[in-house]
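The structure under discussion appears below in the form of structure tokens.
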Amino acid sequence: MTVVAERRVVPARTPTARPWRRDDIQGLRAVAVTTVVAYHAGMPFVPGGFVGVDLFFVLSGFLITQLLLHEVAATGTVSLRRFWARRARRIIPVSALVLVTTMLAVRAFMSPLDRKAIGTDVLWSALFSGNWRFAQQQTDYLASDRDPSPVLHYWSLGVEEQFYLVWPLLLVAIAVVWRLAGRSRRAYTATFGGAFVAVVVASLAYCVHTTATNQPYAFFGTPARAWQLAAGALVAVAVPWLLRLSDPARAALGLTGVTLFALSVWLLDESGTGGLGYPSGLAIAPTLAGVLLVISGTGPYSRLNRLLSIRPLTYVGDLSFSIYLWHWPVLVIGMVALDSRALPVRLGLVAIALGLSVASHRLLEEPVRRARVLVGRPRLSIAMGAALVAATVPVVAYASQTETIDHVLVSPDRASGPLVSRQVTPSLEAAATDAGPYKDLGCHVGFTQVTLPDWGTCTFGDSDAHTSVVVLGDSIGGAIAPAVVEAGKQHGWAVTVWAKSRCPMADVTKYDPDLGGAYTACDRFRDAALQAIEQRQPDVVVLAMSRLSTGELAADGGVVEGRDAVDLATRGLERTIERLRAAGIGVVLSDSPNRAPFFPTSCLAKTRDAARCTFRLDRQPSVMAAAARAVPGEVHLVEANATACPRCRCLPVVGDVVVYRDKLHFTRTFALTLADRFAVGIESELGRRP
């Protein structure tokens, strides 16, 4: 993450004292960036290395607030123009350089199909808003099923810069209250300390709540992370009193901080720990560790201060901003270019990132920050920053361009004869968005929504038709819905589509790692949907469900996986089928597509050869097939996967149609070719009705 604050700190015993340099904080920056890089490089024993970002937040909140409080004490206010000018000189030059270099490297080394999406990521990141872009992508299951963005790490820079935009304004307002109160020590503590405590409490409460209801927005969102920066700010307010701590007390606090941080790195997991998602209350541990470490260094140097102040650590701390920005795109793009994730490759890429960091720090970061032509000229500094941000736009426009890729070599068996170049549909660029209209219409809902979609809006065909069919499922329901809707057009049926991401229609409770617990919103949606369907009395319900939806289930206070999860899900699906049948509604089951181990469209764009992009059928147990066998009386199972995966090999192109739009979901164009399969299943179920 970023530590973008200045390197001068700490008022002494009064709010008006001048700050001094804290070499131990430079050492803490080194610790923070090292844990993050080790985590991203996949090093062992650091599953919680991502908490280096939490430490950075505390350090940034402390350092920035120290500088602002010193200015308030000296002048009674804050010069917003000078503050934002310093941020522009400190942040934007290296940030823009990394973004531009990354975008050019994407064009050179990554799939042309990735360029447009990454270009959008880069533009959001250049505007320090990437955290909201990535929160939306993580929330959207279909959008999140893509390789990590090489600028994903800019989310934390977005959080900090948004904080820096608002925080000085808050301090200006608080300074007015302090002046009205006579600028006394007591008023200083009450106004600034009280305001910062309020931010910590409100933001932490929001963080815990949002982690449970919409985890991506808690992880990436500024309101849910502001408390960590405000915690560092509280330490800045308390410095005059912290200087009175005894040496043994500070040593004990430092040891506690080191222990807490080490345990956080060792025990925490980004996908959740102990049934809790991250950040939630779990983020208190690394944040408190950062607070204690900063407190322990406030005063005469202890052994811990001296250890953190050794030159190798302070040097890495000086480079920490550049290291943080360079390491992730070098890792992501490098592993793609070399087609390897081996440990020696990752270590080599980290070494390259370190070299780039040293160069950018010496040649750009420090010279611009200290440039005489800019220092003392806030407007010029801000204009320079704006110009550099604007300069990313033409680079993104150039690097995002790609030709239409709609011809690939097709041969079901490479030994059967020469390969044939065919024009495929949709084009590989269009495949990723070749889906039905269901998400746009609100018929396919996201994680948090439990209210049902509008029945009329989500009904296709003649709503007064004699026969009515409902497609109900997770995202696979949205993927196969075009086939059922097409069958409805051909046979005069009204077809209603309701789907919810990652939500199995089996009567079970899904454990979702992103939430760090039970996916209870799915349970509420499923029960409400089944009740509404029982009231509407359609003729047939087509249940569609990914095998992945039931890979982990919450049961008996724990998590059930593997074969036990399959058995539990099968029994749950049987209960759903029996419930619908008891209401006089017929049921058809749709088997799940087979998940690819890579992006078939990216493989096709790279090789232009369909035969080289096939993959083996994974043979994972099918809950749909098991339930079809177990339910008394015949239940028709539509083998939606059969056309795409003949003879245990899954094809990226069938005929001249591209099969997959990501690793799991069919393109709309391919789904339409399955209309006859679903028509047979639905007609067989209609024939069973009296």
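Since this is a predicted model, take the numbers as computed values, not measurements. Here, residue 1 is the first one in the sequence, and each next residue gets the next number.
With sequence neighbours left out, the salt bridge (Lys or Arg N to Asp or Glu O under 4.0 Å) criterion links R82 to E71.
From L356, atom CG reaches atom CG of L325 across 11.5 Å, with rounding to the nearest 0.5 Å. Atom CG of L171 and atom OG1 of T191 lie 9.5 Å apart (nearest 0.5 Å). With rounding to the nearest 0.5 Å, the separation of CD1 in I91 from CD in E161 is 4.5 Å. Note that CD1 of I25 is 10.0 Å distant from CG of L308, once rounded to the nearest 0.5 Å. Annotation: the span from E160 atom CD to L165 atom CG amounts to 13.5 Å, rounded to 0.5 Å. L349 CG to L338 CG: the interatomic distance, rounded to the nearest 0.5 Å, is 6.0 Å.
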Practice problem: Could you please spell out the steps behind the side chain to side chain contact (heavy atoms under 4.5 Å, CB included) verdict for S60 and F163? | Solution: CA-CA 10 Å; S60 292; F163 180 83; over 6 Å; no
Exercise. Could you walk me through whether T314 and R311 pass the side-chain hydrogen bond (donor to acceptor under 3.5 Å, both in side chains) test, one step at a time?
Key: CA-CA 5 Å; T314 60; R311 184 52 187 157; 3.2 Å; yes
Practice problem: Let me see the working for L374 and M384 under side chain to side chain contact (heavy atoms under 4.5 Å, CB included), right down to the final yes or no. | Solution: CA-CA 9 Å; L374 296 175; M384 177 272 299; 4.0 Å; yes
Exercise. Dump the intermediate steps for side chain to side chain contact (heavy atoms under 4.5 Å, CB included) on H361 and V358, then the final yes or no.
Key: CA-CA 5 Å; H361 178 75; V358 172; 5.9 Å; no
Exercise. Apply side chain to side chain contact (heavy atoms under 4.5 Å, CB included) to the pair V36 and H40, showing each step before the final yes or no.
Key: CA-CA 6 Å; V36 171; H40 286 159; 3.6 Å; yes
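The two residues P47 and Y39 make their nearest non-hydrogen contact at O-CE1, 3.4 Å. When all heavy atoms of V294 and R22 are compared, the closest pair comes out as O-NH2, 3.0 Å. Across every non-hydrogen atom of A289 and L260, the tightest pair is CB-CB, 3.7 Å. Summarising the geometry of L304 relative to G254, their closest heavy-atom pair is CD2-CA, 3.8 Å, with the distance given to 0.1 Å. Here the closest heavy-atom approach between residue Y398 and residue R107 is recorded as O-NH1, 3.3 Å. Closest of all the heavy-atom pairs between S184 and A187 is OG-N, 3.0 Å.
Geometrically, R81 does not engage F83 in a cation-pi contact defined by less than 6.0 Å to the ring centre and at most 45° from the axis.
Between the side chain of W227 and the main chain of A224, a donor-acceptor pair closer than 3.5 Å is present. Side-chain N or O atoms of R86 include none that pairs as donor or acceptor with a backbone N or O of R369 at under 3.5 Å. Not one N or O on the side chain of S280 forms a donor-acceptor pair closer than 3.5 Å with the backbone of L276. Here the side chain of S149 pairs no donor or acceptor atom with the backbone of I118 at under 3.5 angstrom. Although no hydrogens or angles enter the test, the distance criterion places no donor-acceptor pair under 3.5 Å between the side chain of T210 and the main chain of A218. Formation of a donor-acceptor pair under 3.5 Å by the T392 side chain with backbone atoms of L388 is not found in this model. For the pair T35 (side chain) and A32 (backbone), a donor-acceptor distance under 3.5 Å is present. Without hydrogens or angle criteria, R115 side chain to S400 main chain gives no donor-acceptor distance under 3.5 Å. Looking only at distances, a side-chain donor or acceptor of H327 sits under 3.5 Å from a matching main-chain atom of I323. In this structure, Q215 contributes its side chain and Y278 its backbone to a donor-acceptor pair below 3.5 Å.
Between T189 and W241 there is a side-chain heavy-atom pair separated by less than 4.5 Å. P329 is not listed as a side-chain neighbour of V151, based on a closest heavy-atom distance of 4.5 Å or more. The side-chain heavy atoms of T120 and R133, taken from C-beta on, include a pair separated by under 4.5 Å. Side-chain contact between L97 and T101 is present, with heavy atoms from C-beta onward closer than 4.5 Å. The shortest distance between side-chain heavy atoms of V396 and V100 does not fall below 4.5 Å. F62 places a side-chain heavy atom less than 4.5 Å from the side chain of V239. Using a 4.5 Å cut-off on side-chain heavy atoms (C-beta onward), F192 and V72 make contact. Side-chain contact check for L157 versus F128: some heavy-atom pair is nearer than 4.5 Å.
Ring to ring, W155 and F134 are not that close: their centroids are 6.0 angstrom or more apart. Checked against the 6.0 Å centroid criterion, the rings of Y188 and W178 qualify as a close aromatic pair.
Here the rule is side-chain contact (heavy atoms from CB on, under 4.5 Å) with P279, and of V53, T211, V208 only T211 fits it.
Electrostatic pairing of R29 and D23 does not count as a salt bridge here, judged by no charged N lying under 4.0 Å from a carboxylate O. Of the charged side-chain nitrogens involved, at least one lies within less than 4.0 Å of a carboxylate oxygen, so that R370 and E366 count as a salt-bridged pair.
A donor-acceptor pair shorter than 3.5 Å cannot be found between the side chains of W167 and Q162. Between the side chains of S156 and N131, no donor N or O sits under 3.5 Å from an acceptor N or O. Defined by atom type and a distance below 3.5 Å, a donor-acceptor pair is present between the side-chain atoms of E365 and S322.
The stretch residues 219-242 participates, sequence neighbours left out, in these salt bridge (charged side-chain N to carboxylate O under 4.0 Å, His left out) pairs: D54-R225.
More than 12 heavy-atom neighbours from other residues, nucleotides or ligands sit within 6.0 angstrom of CZ on R179.
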